[in-house]
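In what follows, chains carry the letters A, B, and so on, assigned in the order in which the sequence lines appear, proteins first and then strands, with residues in each chain numbered from 1.
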Number of protein chains: 2
Amino acid sequence: MPRKICVHHSRDYPCSCGLGNLYRFVEPVVLRMLQIKGRSCGYNLCSELQEHALTDAEIDKAALYRTLRHLEANGHVKSAWEEGEGGPARRVYRLTKEGEKHLEEWTVVLENLSRSMSRFVRGARKAIADQAAKTSKAA
Amino acid sequence: MPRKICVHHSRDYPCSCGLGNLYRFVEPVVLRMLQIKGRSCGYNLCSELQEHALTDAEIDKAALYRTLRHLEANGHVKSAWEEGEGGPARRVYRLTKEGEKHLEEWTVVLENLSRSMSRFVRGARKAIADQAAKTSKAA
DNA sequence: GGAAGGTAGATGCGATATACATCTAGATGA
DNA sequence: TCATCTAGATGTATATCGCATCTACCTTCC
């Protein structure tokens, strides 16, 4: 998933180094949406994206469209124009094999990230509780 | 935790909107380190930061020092110069009360993020498994 | 027929952030 | 005195973000 290949890890380990410059968590969400829906155009994705978003940051239309083009440039999705039923033509996207793989990589990255975050949370919470216990005892 | 106040949520809910432009997850880690160590200078934090990092992206020296100055500018940490034992003087940081609160906010944000990520992972994994079951059955 | 409004996609651009290199400067040691 | 280590800070090209704006098609309604 890194935009540029990570120099710290082996080629096939999906490290989270690339999160350094993450595309606002939108890339994995787009991939997941296409996995669910099979095929969709940017506009429809946009409206449903929020429900599957990882953060509660509002996903930017511009970011979405740019992410789709970026994914296509990397062969993760493929698009085709379709006549719109009532409305302008729409560019309909679907996942490619590589895209499915890319999503799996993202899954590993997010799994690790999720784990390290919950570890962080546990640790910080415990420290706060211990601190509180100590001060209440002292009083 | 957002660098600029979020316009989508109430003032006191620590939303993850600010993650849009996250400081590479380094801010919470620095706060946590200071919670653990009580007091430390940038140089020492740097060497131990990696163990507590959320991602396996290497934390940048420059990012660390800038984050510390940023935290201090916002009143989350406080620094004082100390004579170094063998070596140049060091700027020693400690958490302020506001910093502790800031860490608690981060904790909530990361907790939510961790949860939505693991939900994402479960969903994507299940979809992959279902897909695999279907194709093996068809064969 | 033409103005208004909704659908769909794309672009422009200033402000920030990131990554990486470089710089200052005191202390130590050969 | 020259190199090296410790400690902190800065410079800068490039990438990304956020927000506004633009094109263009289609439908509806006056």
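Take B:Lys134 and apply the salt bridge (Lys or Arg N to Asp or Glu O under 4.0 Å) test, not counting sequence neighbours, and it matches no residue.
Side-chain N or O atoms of A:Ser116 include one that pairs as donor or acceptor with a backbone N or O of A:Leu113 at under 3.5 Å.
The side-chain heavy atoms of B:Lys61 and B:Tyr43, taken from C-beta on, include no pair separated by under 4.5 Å.
Looking at A:Arg125 and B:Glu104, no side-chain N of the basic residue comes within less than 4.0 Å of a carboxylate O on the acidic one, giving no salt bridge. A salt bridge is defined here as a Lys NZ or Arg NE, NH1 or NH2 lying under 4.0 Å from an Asp or Glu carboxylate O, and B:Glu48 with B:Lys37 meets this definition.
Note: OH (A:Tyr93) to C1' (C:dA10) measures 10 Å, nearest angstrom. Across the protein-nucleic acid pair, A:His70 atom NE2 and D:dA15 atom P stand 12 Å apart, rounded to whole Å. When rounded to the nearest whole Å, the span between CH2 of A:Trp81 and P of D:dA24 equals 12 Å. Rounded to an integer number of Å, the gap from CG of A:Leu64 to P of C:dT11 is 14 Å. Across the protein-nucleic acid pair, B:Tyr65 atom OH and C:dT18 atom P stand 19 Å apart, rounded to whole Å. One atom, CZ of B:Phe25, and another, P of C:dT18, lie 10 Å apart when rounded to the nearest Å.
One finds a side-chain N or O of B:Arg91 lying less than 4.0 angstrom from the OP1 or OP2 phosphate oxygen of D:dA9.
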Worksheet item: How would nucleotides 21-30 of chain C be written as a contact map, 5' to 3', with B for base contact, S for sugar-phosphate-only contact and - for no contact, using protein heavy atoms under 4.0 Å?
Response: B----BSS--
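A heavy atom lying under 4.0 Å from DNA chain D marks the following residues of residues 30-47 of chain B, by number: B:Cys41, B:Gly42, B:Tyr43.
Side-chain contact of A:Ser79 with A:Glu72: a donor-acceptor pair under 3.5 Å is present, judged by distance alone. In the model, A:His76 has no side-chain atom that pairs as donor or acceptor with a side-chain atom of A:Glu100 under 3.5 Å.
When B:Val92, B:Leu45, B:Val30, B:Leu68 are each tested for a side chain to side chain contact (heavy atoms under 4.5 Å, CB included) with B:Ser40, only one passes: B:Leu45.
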